[in-house]
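This report concerns only the one structure given below.
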There are 4 protein chains.
Amino acid sequence: MIKKEKISDKRTALLNATLTLVNNHGFHNTPMSKIAKLAGVAPATIYLYFENKQDLVNKLYLEVKEDFSNCAFEGYSEDLSVKKGFELIWFNIANYKLSQIKETNFLTQCDNSPMIEEEIRVEGLKHLQPLLNLWQRGKNEGIIKPLTDYVLYAFTIYPLSFLLGMQERDIHTLSETEKQETFKAAWDAIRM
Amino acid sequence: MIKKEKISDKRTALLNATLTLVNNHGFHNTPMSKIAKLAGVAPATIYLYFENKQDLVNKLYLEVKEDFSNCAFEGYSEDLSVKKGFELIWFNIANYKLSQIKETNFLTQCDNSPMIEEEIRVEGLKHLQPLLNLWQRGKNEGIIKPLTDYVLYAFTIYPLSFLLGMQERDIHTLSETEKQETFKAAWDAIRM
Amino acid sequence: MIKKEKISDKRTALLNATLTLVNNHGFHNTPMSKIAKLAGVAPATIYLYFENKQDLVNKLYLEVKEDFSNCAFEGYSEDLSVKKGFELIWFNIANYKLSQIKETNFLTQCDNSPMIEEEIRVEGLKHLQPLLNLWQRGKNEGIIKPLTDYVLYAFTIYPLSFLLGMQERDIHTLSETEKQETFKAAWDAIRM
Amino acid sequence: MIKKEKISDKRTALLNATLTLVNNHGFHNTPMSKIAKLAGVAPATIYLYFENKQDLVNKLYLEVKEDFSNCAFEGYSEDLSVKKGFELIWFNIANYKLSQIKETNFLTQCDNSPMIEEEIRVEGLKHLQPLLNLWQRGKNEGIIKPLTDYVLYAFTIYPLSFLLGMQERDIHTLSETEKQETFKAAWDAIRM
DNA sequence: GATGAATGAGCATTCATTCAT
DNA sequence: CATGAATGAATGCTCATTCAT
């Protein structure tokens, strides 16, 4: 068991190193040698855990994405009202994005560059289904505007990525009240 | 004058080639040699017009950004009411983003990766001032929610970048009515 | 004894794996890891039986060569007439080369590339002595042309390596009559 | 013209360097860096003249092979009698193989290892056609044994490769008389 | 201005070999 | 005996940039 943890440690160290370096310098300015050094292993060791550089970053993307999804729906139940459910999810996501800055920044970079192959990106999208179901319910009940999921997403969740940018560059940090007000903007955008 | 236009032609050809290639393959998968080939010049010629690769992409960023800004405020006057003014700007931007796909895509990629130095990015932000002024007026008149400019931007303009993604990948194309409805979402998000 | 056989099994498995892989991909395209995998052992295990890669291939060379020599002189006795003796040896070698394709191919590759050190190669040549003795006798008796052993070898035995190539690449398979006719060519080349 | 010669010089220097190094150390023990150094250019320069390492060695193979073929049929005409024609070609080849040692050695190594792809090898075989035609004529006239071309080749031309080995390793150098006697062996092998 | 030949620095990846278990 | 995780050293290849013409 100790052994397994140690192995897992190296894999995790490599993923963490990649996260940090890709965030700071981008995919192609992050040599494998630097990843190895930061993770405290020899370059060749990376290839014991990942097929190649692309595989390493793909795996990182998927694992971060999964972590994100898990947080997004923590405490969520379909028994909640549309508004309560949406509020829960929105705050979950907002809290994740505003606290897990490194992870969020990485996902944003992946989603907006040819760094990740389309195929992998699509795989990372599956997890949002509960939110889409919630929106469908809201549209049926006449509570939410009859817009496509893409538009709903664009005006409620996607804006949070932008606010992260501020947070990260220390331009502005959202207070709890501001977060509340911001939620109101998101909700007003899509509610009937 | 003819000669100057010809020279300018090469510069433009280089910028266009860069736009296309960086969009399709990313900054670091776009060798100077390919840019030169697509522009129909020799690699060394690039260095007659730009200092180096970074300079080339910086200049491209700034010029695209300026073009974008010009479109954003076309027909705008401070005499317009807050809502009318905002509507005009919003549709200008929406139309730009949904039609000038290559340019928009490029800007999105730049804004979400370490490809462009912070300094340059900041320089590209100056042009939005009229919109910020408009929002200030709206807040003063009690028409617009008293949120920071960042939040207002995040929930009205920034979402359009996401919708572009759909357009580009042929997932969904916005009809004129949908665009109207989408504007309503943006306006509802920030109006009192 | 059983245990020793088992150990010996692993050694043999390694030699066989090496033979196959070097034949198909060449010495330098045959990683130790693949040899180990094909032999069903761990890479490190190779070093229990052989000093290093070069040693492994040297040993293989010598053992194959010895096997070849044993076949070459099977049933041979110095009591036979020069022609009968030569015929026996020639057919022995021909049959070996045309049936033990893997082994022959390996030897050919070794003998025509810097894969094997000269020193080892020389060691593998000792075994042909009876054939050289036979030729000496033939020359003394005026039955065989007074050519150097090298030339005699070049025009009788060496050609068989070429015919193997055909066999291996399925270009042409020698029938029994053709083999007889081919022997005649070899004999005519060196007989007075 | 001077310029073109200079360019051609580098290509030739690279081919020569490759010939020498591959002969001495084998394909896979010949790094591009050493080829470059011996040719007096930077490693990257190789890629201006050849696509990659395999292409470099393929091109070398084909050019050497062509040179060899040209020598083989120098002075040959179909008007010659079968024996005279064969004699001419045989001596041409013998002289080439015994003097152009580096080239011959390289060809031998290529022909007996997986270094060269089959496809390329086949391309290098085209040139021998006149010899095959000559043999056909000889068979028709009842002068040459009715063996397949492969066998005829194996017992007349192929042995010369073996003799080269001696020459190269300074074991034995053929005198002119020995060469004559050796030719007799070759001719005896295939004549009726 | 324009070129293309040339290159130095860098990088992903492989592999023979070792060593703790 | 046997292993497999780990690695240092090497290598093929790319590319931004320069410079003589």
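The sequence lines fix the lettering, A, B, ..., with proteins before strands; numbering per chain opens at 1.
- In this model, the phosphate group of dA5(F) is not approached by any side-chain N or O of Lys10(A) to a distance below 4.0 Å at OP1 or OP2.
- Helical stems in DNA chain E, defined as runs of 3 or more consecutive Watson-Crick or G-U wobble pairs with both donor-acceptor distances under 3.5 Å, are listed by first residue as E:2-21 with F:2-21.
- Looking at Asp55(B) and Tyr47(B), their side chains never bring a donor and an acceptor atom within 3.5 Å of each other.
- Applying the salt bridge (charged side-chain N to carboxylate O under 4.0 Å, His left out) test to every pair with at least one member in residues 23-51 of chain B, sequence neighbours left out, gives no pairs at all.
- Between Thr18(C) and Leu38(C) the shortest side-chain heavy-atom distance does not fall below 4.5 Å.
- Counting only distance, with no hydrogens or angles, the side chain of Asn112(D) and the backbone of Thr108(C) share no donor-acceptor pair below 3.5 Å.
- Nucleotide dT17(F) holds its C1' atom 18 Å from the OH atom of Tyr49(B), rounded to whole Å.
- For the pair Phe50(C) CZ and dT17(E) P, the computed distance is 13 Å after rounding to whole Å.
- Taking atom NE2 of His25(A) as the reference point, atom P of dC11(E) lies 12 Å away to the nearest angstrom.
- The separation between Asp55(A) atom CG and dA12(E) atom P is 15 Å, rounded to whole Å.
- Residues meeting the ring pair (Phe, Tyr, Trp, His ring centres under 6.0 Å) test with Phe106(A), sequence neighbours left out: none.
- Scored by the side-chain contact (heavy atoms from CB on, under 4.5 Å) test, Thr30(B) finds Leu21(B), Val22(B), His25(B), Ile35(B) as partners (sequence neighbours excluded).
- Mapping Leu48(C) and Phe27(D) onto DNA chain F via the closest heavy atom, the residue that lands nearer the 5' end is Leu48(C).
- Rounding to whole angstrom units, CG of residue Asn52(D) and C1' of dG12(F) are separated by 9 Å.
- One atom, CG of Leu56(C), and another, P of dA16(E), lie 11 Å apart when rounded to the nearest Å.
- Of the residues in residues 28-47 of chain A, those lying under 4.0 Å from DNA chain E by heavy-atom distance are Thr30(A), Pro31(A), Met32(A), Ala44(A), Tyr47(A).
- Atom CZ in Arg11(D) sits about 16 Å away from atom C1' in dA5(E), given to the nearest Å.
- Between Tyr49(B) and the choices Leu14(B), Thr12(B), Val41(B), Leu56(B), the side chain to side chain contact (heavy atoms under 4.5 Å, CB included) rule is met once, by Leu14(B).
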Q) Between Phe27(C) and Asn29(D), is a side chain to side chain contact (heavy atoms under 4.5 Å, CB included) present by the stated rule, with each step listed? A) CA-CA 10 Å; Phe27(C) 179 64; Asn29(D) 273 327; 5.6 Å; no
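- Residues forming a side-chain contact (heavy atoms from CB on, under 4.5 Å) with Leu48(B) (at least two apart in sequence, or on another chain): Thr45(B).
- Nearest-nucleotide mapping onto DNA chain E: of Glu51(C) and Gln54(A), the residue sitting toward the 5' end is Gln54(A).
- Following rounding to the nearest Å, Leu14(C) (CG) and dC1(F) (P) show an atom-to-atom distance of 13 Å.
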